[in-house]
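Below is one structure, written out as structure tokens; the observations come after it.
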2 protein chains.
Amino acid sequence: MANLSLKEQKHELIKSTILNAAEKYFVSGGIDAVNLRKIAQDIGYSATNIYKYFQDKDAIIQALIEKRMQEIAQNITSIKPDQNSIKDIIALGFKLHIHKVLEYREHYKTVMLSKEKVFLDATSMLEPTTLNRLPAQRRLLETLKIGIDKGELRELDPIKTAQVLWSGMFGILIRVIIEDYKDLAYIDQLVDTYVDHMFLGINANKKA
Amino acid sequence: MANLSLKEQKHELIKSTILNAAEKYFVSGGIDAVNLRKIAQDIGYSATNIYKYFQDKDAIIQALIEKRMQEIAQNITSIKPDQNSIKDIIALGFKLHIHKVLEYREHYKTVMLSKEKVFLDATSMLEPTTLNRLPAQRRLLETLKIGIDKGELRELDPIKTAQVLWSGMFGILIRVIIEDYKDLAYIDQLVDTYVDHMFLGINANKKA
């Protein structure tokens, strides 16, 4: 058992080394720049050896997206639902998400704004059945469902609500990346404004 | 006077011909693909002649952005404020905007997702003073101010509110373009959901 675990650890370590090497190419030049021969050279492996860990280039890219998106979502999943209102959880989640994404801004931009199938398989969210592919989106959807169950939120369509709530955060985030906007305190204020309005409504008279 | 007007008309026609020729290159390959010599060749002009109408390549690109963005905003500015609630004006405005942008989707994607200064000069909106550069954003901001003045909306920060409201629409629109999403009826439903939530709030108890 101890031996097997060590073997597994080694396996994971090599996979991780391959992914880190791949990311360098990926971020600078997209899918086309990810070249198995170059990656092999960088980490002192043969390309044949890499195939023991990943079936093909697409498998490397998929693993890379999954790994980074899980890292990005990790902060959010650490927020405890019981101690806060749904509104506070979502506002904090969006802020943590934006701050974390900005550590991987080029990776995020490449993945989220690409029309390549290998990315869309992980990122598309307009088809209601595909919303919860990204860990952060899945978490948002779960949080809204908890809010409805607890009666904290109105009876609403949780999928459409998650789609539009997430789109607003995504729109702000994409502008921050494109405009290379540095004032993160102002971004946090925008997120608060967004979540406040979304939860409390901007109509003076709250009737339809 | 009649002669002058004809001259002016001819001037505008040639400018428009230059812009249309430029757009073909621009949409397929971005700024770098816009080549004054090629444009001149396409429309049977000399490059020197083009300089009579536009100072340089940047001036052509700026005029191109302005022209298309005004066309995109045209639908919105035709909505009459007096006959509808602010909520209905904004929901309709967002839908018209999305449908119109989809006619120019590659142009819009290139302009709105570019980090080139010539585009950012027209599109940046996170710096509060730059929000109203795009005609559609300016219109949104004006509509919110009218709503606050009329007491139809709460006392709120119109700039931050316009920024976050627009970001949500922008986020949906970017996803439609990236995912090449075809179900526009569903997109209209998402816009309605978004605007409903934003105006009426999703909290069961509408207190902070």
> Between B/K115 (side chain) and A/D180 (backbone), is there a donor-acceptor pair under 3.5 Å?
Replying inline: no
>> With a 4.5 angstrom heavy-atom cut-off, is it the side chain or the backbone of B/E155 that approaches chain A, or both, or neither?
In response: neither
> Does a donor on one side chain and an acceptor on the other come within less than 3.5 Å for B/Y104 and B/E23?
Replying inline: no
>> Is B/L153 close to chain A through its backbone or its side chain, or both, or neither, when contacts mean heavy atoms under 4.5 Å?
In response: both
>> Under 4.5 Å from any heavy atom of chain B, what part of A/I174 do you find: side chain, backbone, both or neither?
In response: side chain
> Judged by atom type as modelled, is there a donor-acceptor pair below 3.5 Å linking the side chain of B/S16 to the main-chain atoms of B/E12?
Replying inline: no
> So what's closer than 4.5 Å to chain A heavy atoms on B/V176: side chain, backbone, both or neither?
Replying inline: both
>> Looking at chain A, which one of B/G147, B/G168, B/G151, B/S114 has the largest number of heavy-atom pairs inside 4.5 Å, strictly under?
In response: B/G168
> Hey, what's the ring geometry for A/Y45 with A/Y53, parallel, tilted or perpendicular (30° and 60° as the breaks)?
Replying inline: perpendicular
> Of the backbone (N, CA, C, O) and the side chain (C-beta and beyond), which part of A/L173 lies under 4.5 Å from a heavy atom of chain B, both, or neither?
Replying inline: neither
> Which atoms of B/M125 come close to chain A, meaning under 4.5 Å heavy atom to heavy atom: side chain ones, backbone ones, both, or neither?
Replying inline: both
>> Is B/I178 in contact with chain A via its backbone, its side chain, both, or neither, using a 4.5 Å heavy-atom distance?
In response: both
> chain A heavy atoms under 4.5 Å from B/Y181: which part of the residue, side chain, backbone, both or neither?
Replying inline: side chain
> Should B/D121 and B/K117 count as an ion pair when the cut-off is N to O under 4.0 Å?
Replying inline: yes
>> Closer than 4.0 angstrom, basic N to acidic O: yes or no for A/E71 and A/R68?
In response: yes
>> With a 4.5 angstrom heavy-atom cut-off, is it the side chain or the backbone of B/Q163 that approaches chain A, or both, or neither?
In response: side chain
> B/D88, B/I172, B/L113: which one forms the most heavy-atom pairs within less than 4.5 Å of chain A?
Replying inline: B/L113
> Mind checking whether B/F26 and B/H107 have parallel, tilted or perpendicular rings, split at 30° and 60°?
Replying inline: perpendicular
> Which atoms of B/I187 come close to chain A, meaning under 4.5 Å heavy atom to heavy atom: side chain ones, backbone ones, both, or neither?
Replying inline: side chain
> For B/Y186, is it the side chain, the backbone, both, or neither that has a heavy atom closer than 4.5 Å to a heavy atom of chain A?
Replying inline: side chain
> Using non-hydrogen atoms only, which part of A/M112 is less than 4.5 Å away from chain B: side chain, backbone, both, or neither?
Replying inline: both
> Under a 4.5 Å cut-off applied to non-hydrogen side-chain atoms, are A/I39 and A/K24 in contact?
Replying inline: no
>> Would you say that A/I31 contacts A/K57 through its side chain, given a criterion of any heavy-atom pair below 4.5 Å between the two side chains?
In response: yes
> Does any heavy atom of chain A fall under 4.5 Å from the side chain of B/I148, the backbone, both, or neither of them?
Replying inline: neither
> Where on A/L190 is there a heavy atom nearer than 4.5 Å to chain B: the side chain, the backbone, both, or neither?
Replying inline: both
>> I'd like to know if B/E103 pairs up with B/K100 as an ion pair, taking the criterion as any Lys NZ or Arg NE/NH1/NH2 lying under 4.0 Å from an Asp or Glu carboxylate oxygen.
In response: yes
